[in-house]
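Read the structure below first, then the notes.
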Amino acid sequence: MQIASTLTPATEAELVDCVLEARSTRTPLAIEGGGTRAALGRPIQTARTVSTKAMTGITLHEPAEMIVAARAGTPLAEVERTLALKGQRLAFEPMDHRTLLGSDGDPSIGAVAAMNNSGPRRIAVGAARDSLVGVRFVNGRGEAVKNGGRVMKNVTGLDLVKLLSGSFGTLGILSEVTFKVLPIPESAVTLVYKGLSDAKAIALLTKAIGSPFEVTGAAHLPAGMGRYMARSFIRIEGFAESVDYRFGALKELLSSDGSPSRLEGPDADRLWKAVRDVEFLAEPRDAVIWRVSVKPTDGPKLLDALGPGFSRAHFFDWGGGLVWLATDPAGDGGAARLRAALARLGGYARLERGPAEMRAAEAVFEPLAAPLMQLSAGIKTSFDPDGILNAGRMYAAF
C-alpha cells in the first residue's frame, strides 16, 4: 500500500486502516475509483485521496444464478468482458462519462454502484441500484460492513445496498459489489422516425413505452443535432422471431407518425452508446451540461417553460423522462431559471458538467427541503461522524 497523497489499498483490511488513520488525524479523504468521474459533483478540498484501483478482481460469477461480484476497483470493462463470455451483461447499461467530461482512466464497477450509474435501458430494467444485491464497504468509523447477498429478497432492518447506491462515496467506501445480470438478447432492432417535433416525438415514445411490446430504449434527438433532421428512436430486444413480430406491431401502432426505418447491428450499437454517453453534447467543451429528470410527458413542457435561447442544444432519453441540456457557461449556467421551472413542473436537475468555480457556487444536486436536508445530514453523521469521506461532494453542508 502506497503511503502518500494518494492511498491505494489492495485489500479491505488495508482500506480499514486508511480510514482509521484518517479518522484519528481528522484528515478529509477524497474517494476515487478509476478517476473518470472526478469532475462530477461539487469540488472538494482534501488532504488525501483513497483510490480503490488496486482492489481488483471478480470474486464470484455464477452464470446459472445470473450473479457477478467484483472488488470495487475492478474495471467495468473487465466485468463486461467476463459476462459476455457467458452471454450475459449488466442490463442497466451504465454510462461512460469519459467523452462528456474529457477524462482518462478506466471506469470501475464500484463507481457504477456508488453513483447509481444507469443508461437508456433503465426504462425497462430499472437503475443500477435495482440490480445491485450486495455490497461490502468501509464507513467513516473505519468499520467493514457487509449488506445484502446473492439474491433479491425482502429484508428486515436497514437496506444499506440501496442507501449506498447513489451516495457518491459520502457514506462509505465500497470494497465489493454484487449485481444481478441478464442474458444478452439474440436480437435487437431500433425503429427510427424522422422529422418529428419534440412534442410529437415524446407522444410517440410514450405510446410505444405504454404498449405491450417491451421497449428497452426510447430517445429523441431534435432538429439541428449535428447534420441530421429530428430523429426518434425506439429499441426492442429479445429472440429474433419475437423482435420481428414486435417491430411490425409497433410500426402499425405508430403508423400515424410515418413509416420507420430499421436500424440494427453495429450502427444501432453506436447510436445507443452515443445516447448513453451523451456524446451529442460533448462539444463544445465550454458548454455547461445539465441532467434533468422529469415526468416523461413534461419533457417538452420543460423546454417551453425555460423559453427560447435557454439551451444551446438538448435531447431526450427515457421516453422524455431524462432531458439533457447544454447551456451557456456565463453566470450561473442557467441554474436559477432551471430550478424555477422545475419548482413549477416538478423534477430534479443535476449539474453534470461545469467549471469548478460554478460547481462550488451552485447546487450541483437538487436542493433539498430543510427536513430532508436535516435527515440526510443525520444519515451522513451516523455513517461518518467526523465527516472525512467525500465531505461536500454532494451538498456543501456535509
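Electrostatic pairing of Glu21 and Arg23 does not count as a salt bridge here, judged by no charged N lying under 4.0 Å from a carboxylate O. Salt-bridge formation is detected for the pair Arg136/Glu12: a Lys NZ or Arg NE/NH1/NH2 atom is positioned less than 4.0 Å from an Asp or Glu carboxylate oxygen. The pair Arg121-Glu237 meets the salt-bridge criterion, with a side-chain N (NZ, NE, NH1 or NH2) lying under 4.0 Å from an Asp/Glu carboxylate O. Using a 4.0 Å cut-off between charged side-chain N and carboxylate O, Asp304 and Lys301 make no salt bridge. At a threshold of 4.0 Å, the pair Asp96-Arg37 does not count as salt-bridged, since none of the basic side-chain nitrogens sits closer than that to a carboxylate oxygen. Taking the charged nitrogens against the carboxylate oxygens, Glu62 and Lys180 have no contact shorter than 4.0 Å, which rules out a salt bridge. A salt bridge links Glu279 with Lys273: at least one charged nitrogen is closer than 4.0 Å to a carboxylate oxygen.
Hydrophobic clustering of Ile, Leu, Val, Met, Phe, Trp and Tyr side chains at less than 4.5 Å, counting indirect connections, unites Leu164 with Val145.
Not less than 6.0 angstrom separates the ring centroid of Tyr193 from the ring centroid of Phe233. Annotation: Phe247 is not in aromatic contact with Phe213 [ring centroid separation under 6.0 Å not met].
Side chains of Met66 and Gln88 form a contact here, defined as non-hydrogen atoms less than 4.5 Å apart.
Using a 30° and 60° split on the angle between ring planes, Phe179 and Phe92 fall in the tilted class, from 30° to 60°.
Arg42 places no side-chain N or O within donor-acceptor distance of the main-chain N or O of Arg393, the cut-off being under 3.5 Å. Checked by atom type and distance alone, the side chain of Ser165 never pairs as donor or acceptor with a backbone atom of Val161 at under 3.5 Å.
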Show your reasoning for whether side-chain hydrogen bond (donor to acceptor under 3.5 Å, both in side chains) applies to Asp277 and His97. CA-CA 6 Å; Asp277 297 343; His97 280 80; over 6 Å; no
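Residues Ser293 and Trp318 bring no donor and acceptor atom of their side chains to less than 3.5 Å of each other. Residues Thr49 and Ser51 have side chains that never bring a donor and an acceptor to within less than 3.5 angstrom of each other.
With sequence neighbours excluded, the residues satisfying ring pair (Phe, Tyr, Trp, His ring centres under 6.0 Å) with His314 are Phe316. Listed by chain and residue number, Trp290, Ala349, Ala363, Glu366, Pro367 satisfy the side-chain contact (heavy atoms from CB on, under 4.5 Å) test with Arg339 (two or more places apart in sequence, or in another chain).
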